[in-house]
Amino acid sequence: MSDELTRQGSQPSINLDKKIVPFEQEGPEEEPLFANHFQVAYHGDVAYIDVGVIPLDDIMGPRGSTVRFVVLNRLVMGLSALRSLRDQITSVIANLGEGNGAPGGDENKTEAHK
């Protein structure tokens with residue numbers, strides 16, 4: 001499946017070659033498991049979040065070419081769970097923006113996770 005991703009600003013569109021990785025597959029293309037790209041969609045009352053990696057070789061490659069989007073996991077949730085996730089992400093980003101020290105320190109954890 002191919003998708004077109006439009007970046008913010010004046011940068012051109014990027015063509016994505018989306019590939020879903022089977023659960024039992026591991027390899028150098030999927031490692032490290034540090035997600036750098038996400039796609040979110042919804043249908044009815046269900047939200048879908050594809051979590052994955054655009055390999056560094058594709059990021060550093062020539063502009064205008066198709067890049068691979070290796071989907072490591074697809075999260076499926078109700079809209080109330082999606083709103084809760086949004087609120088948690090917004091809270092973490094707000095705390096990071098306050099310069100509360102190095103990421104990962106206790107000062108950046110929510111009360112529930114201290």
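Computation of the quantities below employed the complete heavy-atom set of this structure, encompassing side-chain atoms and omitting hydrogens, waters and symmetry-equivalent molecules. Index from 1, following the sequence.
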[Y] reachable from [X] in the ILVMFWY side-chain graph, under 4.5 Å edges:
X: Leu72; Y: Leu75; result: no
X: Ile89; Y: Phe34; result: no
X: Phe38; Y: Ile54; result: no

I'd like to know if the side chain of Asp45 and the backbone of Gly78 have a donor-acceptor N/O pair within less than 3.5 Å. no

Do the side chain of Ser84 and the main chain of Ser80 share a donor and acceptor less than 3.5 angstrom apart? no

Can you find a heavy atom in the side chain of [X] that is under 4.5 Å from one in the side chain of [Y]?
X: Asn15; Y: Val67; answer: no
X: Met77; Y: Val46; answer: no
X: Phe69; Y: Gln39; answer: yes
X: Leu79; Y: Arg83; answer: yes
X: Val51; Y: Val71; answer: no
X: Val76; Y: Ile49; answer: no
X: Ile59; Y: Asn36; answer: yes

Considering all heavy atoms, the nearest Arg74-Tyr48 contact: CD-CD2, 4.3 Å

Would you name the heavy atoms of Ala35 and Val53 that are closest together and state the gap between them? CA-CG2, 4.4 Å

